Amino acid sequence: MRFDIITIFPHIIESYLNESIIKRAIKNGLLDVRVHNLRDFTEDKHHKVDDRPFGGGPGMVMKIEPIIKVLETTFGGETSESMSEVSPPKVLLVLLSAKGKQFDSKQAARFSKKYDRIFLIAGRYEGIDARLKKVLQDSGFRIQEVSIGPYVLTGGELPALVILDAVSRHIPGVLGKEESLEEKRHGIGVPTYTRPEVFEYKGKEYRVPKVLLSGDHKRVQDWRKSKK
Ligand code: SAM
């Protein structure tokens, strides 16, 4: 599966890609992640990606042109018409937005099955010029506005990584046997424990539930189910 991430802070993304499970998945060819520095797609000498908002206000708004340029370059076209000609059905463009549809585990699984390429567009400042969505729809792209939660972050880089990570876990082979999908094994958030059996702190003892020490697989399964 391929991810393309459009950002003005590529190092934030790259540092995460260079660790642990995602790093291994990239090395093993299960994931192909391309990070596009938006400033490389500007034409002025200051590499300007933002401008003042129409109607006034203190913040800046991200411009459409450099984002379109990334897409045209990636899809090999010069104009939005040629972008639409090469826009295959299994490509999804995700506009990261605090007011988008809230992302969840089901959607992560669905994205991994339905698409073979996901573009994640990370906003900054006051967000991206609202016309981008329409422009991309008119060019034939499947596009979704996605939020990772009901709060406003300073930028779309963490949301992009959250989606990349959550979707990647559903790609066969990305998780090793011992890391296999927690939600399939015994459900999200079931409590887990490790050694020591008794943890002593400030005169108090904190014990592992007895059932987990029983060696009775059936009872352990039932207990885990009850904790879902
Ligand atoms: N005024 C904008 C709004 O109300 O959506 C907030 C812009 S926010 C400071 C800058 C960027 O961070 C957004 O364009 C979006 O890409 C990203 N962002 C912030 N919160 C997010 C969230 N909960 N989910 C997804 N992306 C988010």
Side-chain angles (χ1 to χ4, degrees), residues 1-17 22 31 33-42 46-75 83 91-112 114-115 117-139 141-170 183 188-189:
M1 181 156 191
R2 175 165 160 181
F3 288 92
D4 287 79
I5 303 177
I6 301 178
T7 172
I8 57 169
F9 292 112
H11 297 313
I12 297 178
I13 307 290
E14 281 153 6
S15 71
Y16 191 77
L17 300 179
I22 299 298
L31 286 182
V33 187
R34 316 274 173 103
V35 185
H36 306 279
N37 184 348
L38 199 57
R39 293 198 193 280
D40 294 344
F41 295 83
T42 50
H46 299 294
H47 301 290
K48 209 166 146 51
V49 292
D50 59 334
D51 212 327
R52 283 170 293 127
F54 283 118
M60 299 295 269
V61 177
M62 286 180 77
K63 292 162 68 61
I64 300 180
E65 297 94 318
I67 297 174
I68 295 289
K69 200 107 205 250
V70 178
L71 294 168
E72 285 182 347
T73 307
T74 316
F75 285 96
M83 280 203 308
V91 174
L92 176 70
L93 300 195
V94 173
L95 274 181
L96 296 155
S97 156
K99 71 171 177 59
K101 180 170 185 274
Q102 197 158 314
F103 187 68
D104 61 17
S105 197
K106 268 197 191 132
Q107 208 178 7
R110 207 168 57 80
F111 279 5
S112 76
K114 200 163 171 196
Y115 302 109
R117 194 162 168 197
I118 296 180
F119 261 84
L120 298 156
I121 305 174
R124 280 268 156 182
Y125 318 118
E126 295 287 301
I128 302 168
D129 186 319
R131 290 169 295 179
L132 179 68
K133 188 175 175 187
K134 182 87 174 76
V135 171
L136 295 176
Q137 277 167 342
D138 290 349
S139 299
F141 282 103
R142 194 179 304 265
I143 179 150
Q144 266 189 40
E145 272 185 284
V146 179
S147 162
I148 61 157
Y151 37 77
V152 181
L153 299 164
T154 52
E157 286 73 18
L158 290 175
L161 287 171
V162 165
I163 293 171
L164 179 145
D165 191 294
V167 173
S168 300
R169 296 178 73 251
H170 291 272
E183 47 275 49
I188 299 170

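Quick caveat: nothing in here was measured; it's all calculated off a predicted structure. Both ligands and their constituent atoms are indexed starting at 1 by order of listing.
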Protein residue, atom and distance nearest to [atom], heavy-atom basis:
atom: atom 6 (C) of ligand 1; value: Val152 CG1, 3.9 Å
atom: atom 1 (N) of ligand 1; value: Glu126 O, 3.4 Å
atom: atom 20 (N) of ligand 1; value: Leu153 N, 2.9 Å
atom: atom 18 (N) of ligand 1; value: Gly155 O, 4.0 Å
atom: atom 24 (N) of ligand 1; value: Ile148 N, 3.1 Å

| task | Please step through side chain to side chain donor-acceptor pair (under 3.5 Å) for the pair Gln102 and Ser147, ending with a clear verdict. | result | CA-CA 5 Å; Gln102 197 158 314; Ser147 162; 5.0 Å; no
| message | Under 4.0 Å from atom 16 (O) of ligand 1, is there at least one protein heavy atom? | response |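 Yes, there is a protein heavy atom closer to it than 4.0 Å.
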| query | Can you find a protein heavy atom under 4.0 Å from atom 3 (C) of ligand 1? | reply |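 There is no protein heavy atom less than 4.0 Å from atom 3 (C) of ligand 1.
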What are the atoms of ligand 1, with element, lying closer than 4.0 Å to any heavy atom of [X]?
X: Gly156; answer: 12 (O), 16 (O), 17 (C)
X: Pro159; answer: 25 (C), 26 (N), 27 (C)
X: Thr154; answer: 10 (C)
X: Gly123; answer: 11 (C), 12 (O), 14 (O), 16 (O)

| Is it true that the NZ or CZ of Arg117 lies under 6.0 Å from the centre of Phe75's six-membered ring and within 45 degrees of the ring axis? |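 Yes, a cation-pi geometry holds between Arg117 and Phe75.
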Within the distance-only criterion (no hydrogens, no angle test), does the side chain of [X] pair as donor or acceptor with the backbone N or O of [Y] below 3.5 angstrom?
X: Asp104; Y: Gln107; result: yes
X: Lys48; Y: Asp50; result: yes
X: Arg39; Y: His47; result: yes
X: Ser139; Y: Phe141; result: no

Looking only at distances, please establish whether an N/O atom of ligand 1 is found under 3.5 Å from an N/O atom of [X].
X: Tyr151; result: yes
X: Val146; result: no
X: Gly127; result: no
X: Ile128; result: no

Less than 4.0 Å is my threshold; does some heavy atom of [X] fall inside it relative to ligand 1?
X: Leu158; result: no
X: Tyr125; result: yes
X: Lys99; result: no

| Glu145 and Lys101 ion-paired at < 4.0 Å |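 Between Lys101 and Glu145 there is no salt bridge, as every charged N stays at least 4.0 Å from the carboxylate O atoms.
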| Does Ile121 approach ligand 1 within less than 4.0 angstrom via side chain, backbone, both or neither, non-hydrogen atoms only? |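 No part of Ile121 is near ligand 1 at this cut-off.
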| request: For a side chain to side chain contact (heavy atoms under 4.5 Å, CB included) with Phe119, tell me which candidate from Leu136, Leu71, Val94 qualifies. | output: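 Only one option passes, and that is Leu71.
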| field | Atom of His170, atom of Ser105 and distance for their closest heavy-atom approach | value |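 Looking at all heavy atoms of both residues, the closest pair is NE2-O, 4.1 Å.
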